[in-house]
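So the structure is just underneath, and the comments pick up after that.
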Amino acid sequence: MTPKEIILQRVKDEDVRFIRMQFTDMLGRMRNMAVTVEMLEEALGNRCVFDGSAIDGFANIEESDLYLHPDLSTFTIFPWRPHSGKVARFICDVCTPDGTPLEYNPRLVLEKVIKEAEEMGFKFKIGPEMEFFLFNTDVSGRPTTETNDKGSYFDISPLDNGENTRRDICLNLEEMGYKIEASHHEMARGQHEIILKPDDALRTADAIITSKMVIKTIAKKNGLHATFMPKPFADQWGSGMHLSMWLEKDGKNLFEYDKEKGKLSQTAYRFIAGLLKYTREIACITNPTVNSYKRFIPGADAPCEISWSENNRSLLIRAVKTRIPENAFIEYRSPDGTANPYLAIAAILKAGLMGIKDESIPLPPSIGMNVMSLSAAEKKLLGIQRMPVSLNEALKIAKDSKLLEDLLGAKLKDNYIAKKTEEYDSYRRIISQWEIDSYLEQY
């Protein structure tokens, strides 16, 4: 049977009545069009049309008709829906009426960089650590800022009141075909982490966007609100989305650890060099909100400086030498869960590939000490730059980035920066309680 025939048979056997045709907008928000099972043949024939001008970053009014082309490999049934009249979904690519992939579609941006890597002989493997908070809701079902527990790192019940919700999330994801490596309570009260098994880049991006939907859905079913807001509390740890990654060629890990030399491969170090060079340029993609930059505060277990190490877990990039040499990888610690996973993974892969292509990009020395203890002169000598301290700074850097223009195209880059600048301008208009407390009486 063909993939299409298998899907049609499964829909019939399992009494699926609705199919969601899902995709993400420029900002990484999941969108969907729901069709009944009677329209499934039409959907599988790429005939679902929608108004693209209503979606951030997609199309102008003059070119608004866009079509959803389902990726058949992403078909899955939502396990939390009724046993009769089930709901299934596809993740879709977005195309113009003549079938051309839409150049502004975030999934296409990632697909292009994956193709670039494949032309170099590489397959990119990546695994995310999904951190999020669980909050209580009020009588109207709206989220509060009250967490449902006061647990800390690796706590268990009764301190970890989110244990049952976290378990339900993992079971639902596994039933949908996703593999979970681990889950646990994180450092802050009400904070949790679910670690997805590494996979090919596109499947991982699909898994991230799906996991966010599942986490929020199951939390709501349990009377809670899940948020990927990076820093909901000033005095608590923030939520990131650490990414573990390596390149493969013909099934072999190119970041493999050489026990005799005590080093990772040259390919790994070149990839790290590219990431370090371009981290500031891609920050508005990997950390796209005003709140994202509240994580980058000294002492908050988030990387404030652009540095790397082979033995220091607190830096931006960690080269991980596992007990099994061929399982070595690097961990990139700046991204957070508000990022569009397609654009973020594409930007990270692009930066790493640039490091491999351009051997003139320097690799600063590995840092084994507390970076915050170094003076400004010492940081400069070691080639250590700082992360942008605000979304505004990140956007200014991005405007002049040739890498981002090559990655996104001029139009998507301009649209993205314009939308995020509008977001920052809206934030600037708000007068915070800190300003009232600090200035109202004093001045």
Side-chain angles (χ1 to χ4, degrees), residues 23-30 56-58 71 74 91-94 101-120 122-128 196 198-212 241-248 271-272 274-289 292 317 330-358 394-395 397-398 401-417 419-420:
F23 61 97
T24 62
D25 65 15
M26 176 178 68
L27 303 181
R29 295 175 299 198
M30 182 175 278
D56 279 329
F58 266 23
D71 180 339
T74 66
I91 294 177
C92 302
D93 288 311
V94 181
L102 182 71
E103 61 179 315
Y104 318 130
N105 179 21
R107 202 166 188 259
L108 178 66
V109 171
L110 176 55
E111 288 169 343
K112 285 181 176 179
V113 187
I114 290 171
K115 185 177 180 181
E116 180 182 342
E118 288 174 346
E119 289 171 352
M120 296 172 67
F122 303 142
K123 179 175 284 189
F124 191 43
K125 296 285 189 175
I126 189 163
L196 302 181
D199 206 335
D200 293 346
L202 186 62
R203 285 201 290 265
T204 294
D206 288 341
I208 291 171
I209 205 71
T210 301
S211 295
K212 291 172 71 173
M241 186 175 65
H242 299 174
L243 298 170
S244 300
M245 61 194 75
W246 67 93
L247 292 173
E248 284 186 358
F271 196 95
I272 291 171
L275 266 182
L276 292 171
K277 176 177 173 63
Y278 292 107
T279 282
R280 283 169 58 83
E281 293 185 29
I282 66 175
C284 70
I285 301 291
T286 57
N287 306 89
T289 66
S292 295
I317 297 175
I330 66 172
E331 181 184 47
Y332 191 55
R333 302 178 64 252
S334 60
D336 65 59
T338 62
N340 182 325
Y342 300 103
L343 297 184
I345 293 174
I348 290 165
L349 176 55
K350 183 77 171 179
L353 293 179
M354 289 298 294
I356 294 172
K357 289 179 179 179
D358 185 359
L395 291 170
I397 296 168
S401 173
K402 185 179 184 303
L403 179 136
L404 276 189
E405 188 153 327
D406 289 344
L407 177 74
L408 304 177
K411 190 166 183 180
L412 179 56
K413 177 189 171 187
D414 288 347
N415 286 346
Y416 184 90
I417 290 175
K419 188 68 177 179
K420 285 297 170 180

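Keep in mind that the numbers below use all heavy atoms, side chains included, and drop hydrogens, waters and symmetry copies. No experiment lies behind these values; they were computed from the predicted model shown.
Ile345 has its side chain within reach of Phe124: a pair of non-hydrogen atoms, C-beta onward, lies under 4.5 Å apart. Put simply, the side chain of Val94 reaches to within 4.5 Å of the side chain of Phe58, judged on heavy atoms. Glu116 is listed as a side-chain neighbour of Lys357, based on a closest heavy-atom distance under 4.5 Å. By the 4.5 Å heavy-atom criterion applied to side chains, Leu403 and Ile282 are counted as neighbours. For the pair Leu408 and Asn415, the minimum side-chain heavy-atom distance is 4.5 Å or more. Looking at heavy atoms from C-beta onward, Ile330 lies in side-chain contact with Leu275 at the 4.5 angstrom threshold. Annotation: side chain of Phe122 is in contact with side chain of Leu353 (closest heavy-atom distance under 4.5 Å). Contact annotation: the side chain of Leu247 approaches that of Phe271 to within less than 4.5 Å [non-hydrogen atoms, C-beta and beyond].
The CD atom of Glu118 sits 7.5 Å away from atom NZ of Lys123, with the distance rounded to the nearest 0.5 Å. Once rounded to the nearest 0.5 Å, the distance linking OG1 of Thr210 with CE of Met30 reads 5.0 Å. Residue Arg203 holds its CZ atom at 10.0 Å from CG of Asp71, rounded to the nearest 0.5 Å. For the atom pair CG (Leu102) and CZ (Phe23), the distance works out to 10.0 Å, reported to the nearest 0.5 Å. With values rounded to the nearest 0.5 angstrom, Ile272 atom CD1 is found 6.0 Å from Ile317 atom CD1. We find the CG-NZ distance between Leu27 and Lys419 to be 6.5 Å, quoted to the nearest 0.5 Å.
Formation of a donor-acceptor pair under 3.5 Å by the Ser401 side chain with backbone atoms of Glu281 is not found in this model. No donor-acceptor distance shorter than 3.5 angstrom exists from the side chain of Ser244 to the backbone of Glu331, with no hydrogens or angles considered. With Lys420 contributing its side chain and Pro288 its backbone, the two residues share a donor-acceptor pair below 3.5 Å. Distance alone, capped at 3.5 Å, is enough to place a donor-acceptor pair between the Asn340 side chain and the Met26 backbone. A distance-only check finds a donor-acceptor pair linking the side chain of Asp336 to the backbone of Thr338 [under 3.5 Å].
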Practice task
Decide yes or no on side-chain contact (heavy atoms from CB on, under 4.5 Å) for Ile285 and Tyr416, but give the supporting numbers first.
Solution key: CA-CA 9 Å; Ile285 301 291; Tyr416 184 90; 3.6 Å; yes
Practice task
Give the intermediate values and the outcome of side-chain contact (heavy atoms from CB on, under 4.5 Å) for residues Thr24 and Arg107.
Solution key: CA-CA 8 Å; Thr24 62; Arg107 202 166 188 259; 5.8 Å; no
Exercise for the section: Determine, step by step, whether Asp93 and Leu108 satisfy the side-chain contact (heavy atoms from CB on, under 4.5 Å) criterion, reporting the C-alpha distance in whole Å, the side-chain angles of both residues, the deciding distance to 0.1 Å, and the verdict. Expected result: CA-CA 7 Å; Asp93 288 311; Leu108 178 66; 5.7 Å; no
Practice task
Before giving the answer on side-chain contact (heavy atoms from CB on, under 4.5 Å), spell out for Tyr332 and Ile348 the whole-Å C-alpha distance, their side-chain angles and the decisive distance to 0.1 Å.
Solution key: CA-CA 9 Å; Tyr332 191 55; Ile348 290 165; 3.7 Å; yes
Handout entry: Audit row: Asp358, Lys277, salt bridge (charged side-chain N to carboxylate O under 4.0 Å, His left out) steps and yes/no
Key = CA-CA 11 Å; Asp358 185 359; Lys277 176 177 173 63; over 6 Å; no
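For Ala205 against Leu110, the heavy-atom pair with the smallest separation is CB-CD2, 3.7 Å. Residues Pro198 and Trp246 approach most closely at CB-CH2, 3.6 Å, considering heavy atoms. Shown here for Ala346 and Val109, the closest heavy-atom pair between the two residues is CB-CG1, 4.0 Å. When all heavy atoms of Gly337 and Met241 are compared, the pair lying nearest together is N-CB, 4.0 Å. Here the closest non-hydrogen pair linking Ala201 and Ile126 is CA-CG2, 4.0 Å. Looking at every heavy atom in both residues, Gly28 comes nearest to Ile209 through O-CD1, 3.3 Å.
Residue Lys413 qualifies as enclosed at atom NZ: its count of foreign heavy atoms under 6.0 Å is above 12.
A salt bridge is absent between Asp406 and Lys350: the closest approach of a Lys/Arg side-chain nitrogen to an acidic carboxylate oxygen does not fall below 4.0 angstrom.
Side-chain polar atoms of Tyr342 and Asp206 form a donor-acceptor pair below 3.5 angstrom.
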